Amino acid sequence: MADFNTIDDLDLNGKVVLTRVDVNVPVENGLVTDATRIEKIVPTIKDIQSKGGIPVLLAHFDRPKGKRVDSMSLQIVLPALEAALGQPVKFSDEAIGGTAKRAVADLQPGDVLLLENTRFYPGEETNDATFAASLAALGQAYVNDAFSAAHRAHASTEGIAQLLPAAAGRLMEAELKALDAALGAPQRPVVAVVGGAKVSTKLDLLGNLISKVDHLVIGGGMANTFLVAQGIEVGKSLAERDMADTAREIMSKASGAGCTIHLPVDVVVAREFKAGAENQTVPTDACPADAMILDAGPETVAKIRTVFESSRTLIWNGPLGAFEIQPFDAATNAAAQEAAELTRAGKLISVAGGGDTVAALNKAGVSGDFTFISTAGGAFLEWMEGKELPGVAALQKR
């Protein structure tokens with residue numbers, strides 16, 4: 001990973017600091033239902049203030065597609081933001097122009113200002129140079145603390161960073177360091193767990209990982225496709241039979257790269273997809289024709305445990321089974337608890353990310369025990385795929 005600037009590299013004293021944050025949080029009936037993302041940006045805002053800077057927050061909310069949509073105004077997150085920061089936050093109902101300029105001009109040391117949804121402007125998502133310049137004109141320095149939006153080359157994530165002294169915020173810094181520890185310069189052996197429904201959505205991911213990791217554990221519906229590729233019948237299980245050639249190609253490349261692929265050796269099958277469905281555990285090659293595979297079995301979990309115990313670094317994306325319903329969450333829970341135990345003991349560096357992954361680790365009760373859990377979704381996946389993230393590249397030391 002290239003060297004990037006942090007808050008510590010910038011002189012912020014007396015400066016207005018345009019600070020890109022992620023406050024795109026769930027809202028119901030006009031109230032924020034989960035303020036986790038808002039709480040995570042607090043250290044960056046407080047550090048900017050402690051260095052004499054005045055934070056002016058740039059953020060998006062939902063997908064207004066370049067138009068003003070009142071229900072997507074950032075005013076909706078103000079109460080949660082003020083509660084997290086423990087102070088009033090000023091608000092401008094414009095992100096550029098006279099209203100925004102006047103709001104910035106009125107700021108005093110210690111203040112925080114939130115500008116309106118950057119996606120209300122068509123120039124945001126097209127990374128329009130004029131819109132980026134209008135944003136940049138409001139401040140003297142730029143800090144990006146929104147890794148979750150770093151895979152987008154937008155005006156507020158990439159364009160503005162070319163126009164002002166730019167640095168990563170504390171959350172962005174922590175994310176980049178954790179990811180570098182997992183794939184950039186990891187302690188070996190490295191094991192990756194990749195689950196989920198479809199091989200077709202994770203081709204780039206698998207292609208990148210087999211050249212970077214020592215062990216690749218494949219679970220969920222994806223594993224069924226690999227079983228089909230080996231000539232194993234999987235009954236009515238979710239499987240992309242048309243991807244069998246691709247799966248065989250991935251296995252061949254992994255073998256050539258010295259990466260061992262681990263597939264289920266036993267599976268939990270049922271005739272219906274519902275909580276508490278009658279089920280049985282069978283060897284992988286004994287799935288009844290009228291049943292579907294909904295989880296990995298205990299022998300598979302035991303093998304995964306052995307792989308974890310022999311590894312020093314773990315990257316996790318996707319569940320091992322239908323973790324949303326019991327008892328088909330057993331393999332994901334058991335593997336996650338093993339990873340958490342090894343992490344607590346200082347034997348494993350564990351990094352996880354992706355929507356389903358975060359939900360599964362929360363359900364297993366271990367999210368607080370992993371070394372790092374990314375809530376970034378698309379940015380985390382693109383990083384795992386080996387792609388350059390424009391919002392990160394723009395922060396590199398030049």
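FYI, side chains are in, hydrogens and waters are out, and symmetry mates aren't considered; it's all heavy atoms of this structure. All figures in this text were calculated on a predicted structure; none of them were measured in a lab.
- In this structure, Met251 CE and Leu206 CG are separated by 11.0 Å, a value rounded to the nearest 0.5 Å.
- Ion pairing between Asp145 and Arg170 fails under the 4.0 Å rule for side-chain N and carboxylate O.
- Salt bridge absent: Lys236 and Asp290 never bring a charged side-chain N and a carboxylate O closer than 4.0 Å.
- Nearest heavy atoms, Ser134 versus Leu138: O-CG, 3.8 Å.
- Other residues, nucleotides and ligands place more than 12 heavy atoms under 6.0 Å from the NZ atom of Lys15.
- Heavy atoms only, all atoms of each residue included: Cys259 and Ile210 are closest at CB-O, 3.5 Å.
- Arg248 has a carboxylate O that lies under 4.0 Å from a charged side-chain N of Asp245, or vice versa, which qualifies the two as a salt bridge.
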Q | Derivation of the side-chain contact (heavy atoms from CB on, under 4.5 Å) call for Val77 and Leu114 | A | CA-CA 10 Å; Val77 305; Leu114 174 64; 4.1 Å; yes
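- The residues Arg305 and Glu309 are annotated as not salt-bridged, no charged nitrogen and carboxylate oxygen being separated by less than 4.0 angstrom.
- Atoms CG and CZ, from Leu74 and Phe61 in turn, are 7.5 Å apart once rounded to the nearest 0.5 Å.
- When all heavy atoms are compared, the tightest approach of Leu361 to Ala336 is CD2-CB, 3.6 Å.
- Note that CD1 of Ile38 is 10.5 Å distant from CG of Leu57, once rounded to the nearest 0.5 Å.
- Note on Lys303 versus Glu299: no salt bridge recorded, every NZ/NE/NH1/NH2 to OD/OE distance being 4.0 Å or above.
- Considering CG of Leu238 and CZ of Phe273, their distance stands at 9.5 Å, rounded to 0.5 Å.
- Remark: Asp11 does not engage Lys51 in a salt bridge, criterion side-chain N to carboxylate O under 4.0 Å.
- Ala166 and Ala394 make their closest contact through CB-O, 4.5 Å (heavy atoms, listed as atom of the first residue, atom of the second, distance).
- When all heavy atoms of Asp285 and Ile232 are compared, the closest pair comes out as CA-CG2, 3.8 Å.
- Follow the hydrophobic side-chain contacts under 4.5 Å out from Ile76 and you reach Val89 in the same cluster.
- A salt bridge does not link Glu240 to Lys198: none of the charged nitrogens lies less than 4.0 Å from a carboxylate oxygen.
- Side-chain polar atoms of Asp266 and Thr300 form a donor-acceptor pair below 3.5 angstrom.
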Q: Test Glu158 against Gln162 for side chain to side chain donor-acceptor pair (under 3.5 Å), laying out the working first.
A: CA-CA 7 Å; Glu158 200 274 341; Gln162 310 295 340; 2.8 Å; yes
Q. Under the side-chain contact (heavy atoms from CB on, under 4.5 Å) criterion, do Met384 and Asn208 qualify, and how do the steps go?
A. CA-CA 7 Å; Met384 283 185 77; Asn208 186 48; 5.7 Å; no
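- Within 6.0 Å of CZ on Arg68 lie more than 12 heavy atoms contributed by other residues, nucleotides or ligands.
- The environment of Lys40 atom NZ is sparse: at most 12 non-hydrogen atoms of other residues, nucleotides or ligands sit within 6.0 angstrom.
- Side-chain contact, Glu28 with Thr33: no donor N or O sits under 3.5 Å from an acceptor N or O.
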Q: For the pair Val267 and Val269, evaluate side-chain contact (heavy atoms from CB on, under 4.5 Å) and give the outcome as yes or no after the intermediate values.
A: CA-CA 6 Å; Val267 289; Val269 301; 3.9 Å; yes
Q: Under the side-chain contact (heavy atoms from CB on, under 4.5 Å) rule, what do Phe120 and Glu94 come out as? Steps first, then yes or no, please.
A: CA-CA 9 Å; Phe120 280 2; Glu94 295 285 353; over 6 Å; no
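- Between atom NZ of residue Lys90 and atom CG of residue Leu115 there is a gap of 13.0 Å, rounded to the nearest 0.5 Å.
- If you take CD on Glu385 and CG on Asn317, they are separated by 9.0 Å, rounding to the nearest 0.5 Å.
- Scanning all heavy atoms of the two residues, the minimum distance from Ala149 to Arg20 falls at CB-NH2, 4.1 Å.
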Q. Step by step, would you call Ser350 with Thr343 a side chain to side chain donor-acceptor pair (under 3.5 Å)?
A. CA-CA 7 Å; Ser350 51; Thr343 304; 2.8 Å; yes
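- Ile373 and Phe380 fall into different hydrophobic clusters, where Ile, Leu, Val, Met, Phe, Trp and Tyr residues are linked whenever their side-chain heavy atoms come under 4.5 Å apart, directly or through other members.
- The hydrophobic cluster containing Tyr121 also contains Val56, counting ILVMFWY residues as joined when their side-chain heavy atoms lie under 4.5 angstrom apart, directly or transitively.
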Q.
As a quick check of understanding, evaluate side chain to side chain donor-acceptor pair (under 3.5 Å) for Glu175 and Ser374, giving each step before the final call.
A. CA-CA 7 Å; Glu175 187 109 28; Ser374 171; 2.4 Å; yes
Q) Run the side chain to side chain donor-acceptor pair (under 3.5 Å) check on Thr126 and Asp128 step by step: do they pass? A) CA-CA 5 Å; Thr126 61; Asp128 178 73; 5.1 Å; no
